[in-house]
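Presented below is the structure to which this report refers.
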Amino acid sequence: MKEEEIVIDIQELKKSFGDNEVLKGMNLQLHRKENLVILGKSGTGKSVLIKCIVKLIEPDEGRLRVLDQEVKDLEADEELNKLRRRVGFLFQGGALYDSMSVRENLRFPLERLSDKPSRDEMEDRVYEALRSVGLEKAIDKMPAELSGGMKKRIALARTLILKPAIVLYDEPTTGLDPATSKEISQLILEMQQEYDISSIIITHDMACARITSNKMKVIRNGVFKYKGTYDELREKNDPWLRDFFE
Ligand SMILES: Nc1ncnc2c1ncn2[C@@H]1O[C@H](COP(=O)(O)OP(=O)(O)OP(=O)(O)O)[C@@H](O)[C@H]1O
Ligand SMILES: [Mg+2]
């Protein structure tokens, strides 16, 4: 594949917190329009890894390029904001601002843009984002009035409203029942197909992994130990890996 089609390129990335060595030399390439699922047990550095991608955490060593920019070199707020505008992040827990209505939650990222859209344009974009997650009717609701699955969808809409090229999903289906998890997983797949988004999806939910992934990587002991499609990994004859699929 051509070099310009790689949207995230991570080489030998390392990160420790004190004597806790979390990332011990991670290598990862995300290609344009690809959904990459990362699996790994709790506490193995999945969230740390994707926080490095948007410089919420600074790695100790290694190379990290996102959309052809060296993340380490992004210094000024302006440069970082530009990156974060193109790389959406759905946080683990994906909280909405409780004191704001759905409309206000969705307007929030737009209000912070240096080239802020007009009121009318903002309203259009809020509706468009809500339509993409099937929740136009919730525009005037407060988060407390929404179910867990609806909150996730709104959080997803808020991530998508800036039309990111890349979206990093940290446990998008955690805490949801299987049917709602499936809906969210299908929505992630639609986002990829409809808006040409490239994504990294961290999940423990194998149904989500099966639905969303083009490729999977599995963290073990601070490095990626296995990679392949969902079916390839499921077929591997490794008891440690098999535990994820049972
Ligand atoms: N800001 C921080 N300061 C110190 N230690 C941290 C920090 N962030 C994460 N860690 C440590 O790094 C390790 C990996 O954490 P991380 O949140 O990436 O795990 P995870 O794989 O996302 O787990 P989970 O599946 O439970 O979300 C843990 O030991 C955690 O305590
Ligand atoms: Mg995590």
Side-chain angles (χ1 to χ4, degrees), residues 8-30 35-64 66 71-72 74 80 83-84 87-96 148-149 151-152 155-156 158-159 164 166-178 180-182 184-185 188 198-213 215-228 230 233-234 238-246:
I8 297 181
D9 188 11
I10 294 178
Q11 286 174 33
E12 292 302 318
L13 202 75
K14 295 187 182 166
K15 177 68 186 177
S16 298
F17 297 100
D19 55 10
N20 181 13
E21 285 181 63
V22 181
L23 309 180
K24 300 184 191 171
M26 304 290 258
N27 294 290
L28 176 156
Q29 262 131 32
L30 180 72
N35 274 351
L36 169 67
V37 164
I38 296 181
L39 279 185
K41 294 192 176 161
S42 195
T44 51
K46 304 181 297 299
S47 296
V48 168
L49 177 68
I50 61 169
K51 283 179 185 164
C52 289
I53 294 171
V54 285
K55 218 182 182 186
L56 291 171
I57 291 181
E58 300 215 28
D60 302 326
E61 278 178 52
R63 187 161 172 255
L64 171 48
V66 178
V71 174
K72 175 160 48 70
L74 302 175
L80 253 185
L83 174 79
R84 289 179 185 159
V87 184
F89 202 126
L90 193 70
F91 286 96
Q92 197 165 0
L96 299 172
K151 280 187 204 161
K152 283 275 189 205
L156 187 54
R158 192 179 55 188
T159 303
I166 298 174
V167 178
L168 309 174
Y169 297 95
D170 199 348
E171 305 275 7
T173 62
T174 299
L176 302 176
D177 62 79
T180 311
S181 296
K182 198 170 161 194
I184 298 287
S185 304
I188 291 172
S198 319
S199 303
I200 294 179
I201 302 146
I202 291 174
T203 189
H204 291 114
D205 172 357
M206 296 309 283
C208 173
R210 181 173 48 73
I211 293 169
T212 59
S213 65
K215 189 169 88 187
M216 295 176 66
K217 289 191 130 207
V218 190
I219 299 183
R220 188 175 181 183
N221 298 330
V223 296
F224 285 116
K225 169 92 175 166
Y226 308 92
K227 64 174 183 194
Y230 179 90
L233 292 184
R234 196 186 48 189
D238 181 315
W240 185 90
L241 196 56
R242 182 129 317 152
D243 280 351
F244 284 97
F245 289 85
E246 275 164 4

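Note that ligands are numbered from 1 as they come in the structure, with each ligand's atoms numbered from 1 the same way.
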Compute whether any side-chain donor of one residue and acceptor of the other, for Asp170 and Ser47, lie under 3.5 angstrom apart.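 Yes, side-chain donor-acceptor contact under 3.5 Å.
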Do the charged groups of Asp9 and Arg63 touch, with an N to O distance under 4.0 Å?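 Result for this pair is yes, salt bridge flagged.
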Can you tell me how far apart [atom1] ([X]) and [atom2] ([Y]) are? Round to the nearest 0.5 Å.
X	Y	atom1	atom2	value
Glu171	His204	CD	NE2	5.0 Å
Ile200	Ser213	CD1	OG	13.5 Å
Leu176	Asp205	CG	CG	9.0 Å

Considering only non-hydrogen protein atoms, determine which one is nearest to [atom] and report residue, atom name and distance to 0.1 Å.
atom	result
atom 21 (O) of ligand 1	Lys46 NZ, 2.8 Å
atom 27 (O) of ligand 1	Gln92 NE2, 2.9 Å
atom 18 (O) of ligand 1	Val48 N, 2.9 Å
atom 8 (N) of ligand 1	Phe17 CZ, 3.7 Å
atom 17 (O) of ligand 1	Ser47 CB, 3.6 Å
atom 24 (P) of ligand 1	Ser42 OG, 3.5 Å

With a cut-off of 4.0 Å, which atoms of ligand 1 are near a heavy atom of His204?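 Matching atoms, with element in brackets: 25 (O).
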Could you tell me, atom by atom, which parts of ligand 1 come under 4.0 Å of a heavy atom of Glu171?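 Going through ligand 1 atom by atom, the ones under 4.0 Å from Glu171 are 25 (O).
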Do [X] and [Y] touch side chain to side chain, with heavy atoms closer than 4.5 Å?
X	Y	result
Phe224	Ile38	yes
Tyr169	Leu156	yes
Pro59	Leu23	no

Proximal protein heteroatoms (N, O or S) of the Mg ion (ligand 2), under 2.8 Å: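 Under 2.8 Å from the Mg ion (ligand 2) - ignoring waters, which are not counted - the protein N, O or S atoms are Ser47 OG, Gln92 OE1.
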Is the number of heavy atoms from other residues, nucleotides or ligands under 6.0 Å of Lys225 NZ greater than 12? no
Non-hydrogen atom of Gly43 closer than 4.0 Å to ligand 1: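 Yes.
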So for Lys51, does at least one of its heavy atoms come nearer than 4.0 angstrom to any atom of ligand 1?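 No, Lys51 has no heavy atoms under 4.0 Å from ligand 1.
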How close do Thr212 and Val37 get, heavy atom to heavy atom, and via which atoms?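 Heavy-atom minimum between the residues: OG1-CG2, 3.5 Å.
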Should Ile57 be counted as touching ligand 1, given the test is an N or O pair under 3.5 Å?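 Between Ile57 and ligand 1, no N or O pair is found under 3.5 Å apart.
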With backbone taken as N, CA, C and O and side chain as the heavy atoms from C-beta onward, which portion of Asn20 lies under 4.0 Å from ligand 1: side chain, backbone, both, or neither?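 Just the side chain.
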Which segment of Val22 sits under 4.0 Å of ligand 1 when only heavy atoms are counted: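 Near ligand 1, Val22 shows its side chain, while the N, CA, C and O stay back.
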With Ile188 as partner, the option from Ile211, Thr203, Ile201, Val167 fulfilling side-chain contact (heavy atoms from CB on, under 4.5 Å) is Ile201
Mind checking whether Trp240 and Phe244 have parallel, tilted or perpendicular rings, split at 30° and 60°?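 Judged by the thresholds at 30° and 60°, the geometry between Trp240 and Phe244 is perpendicular.
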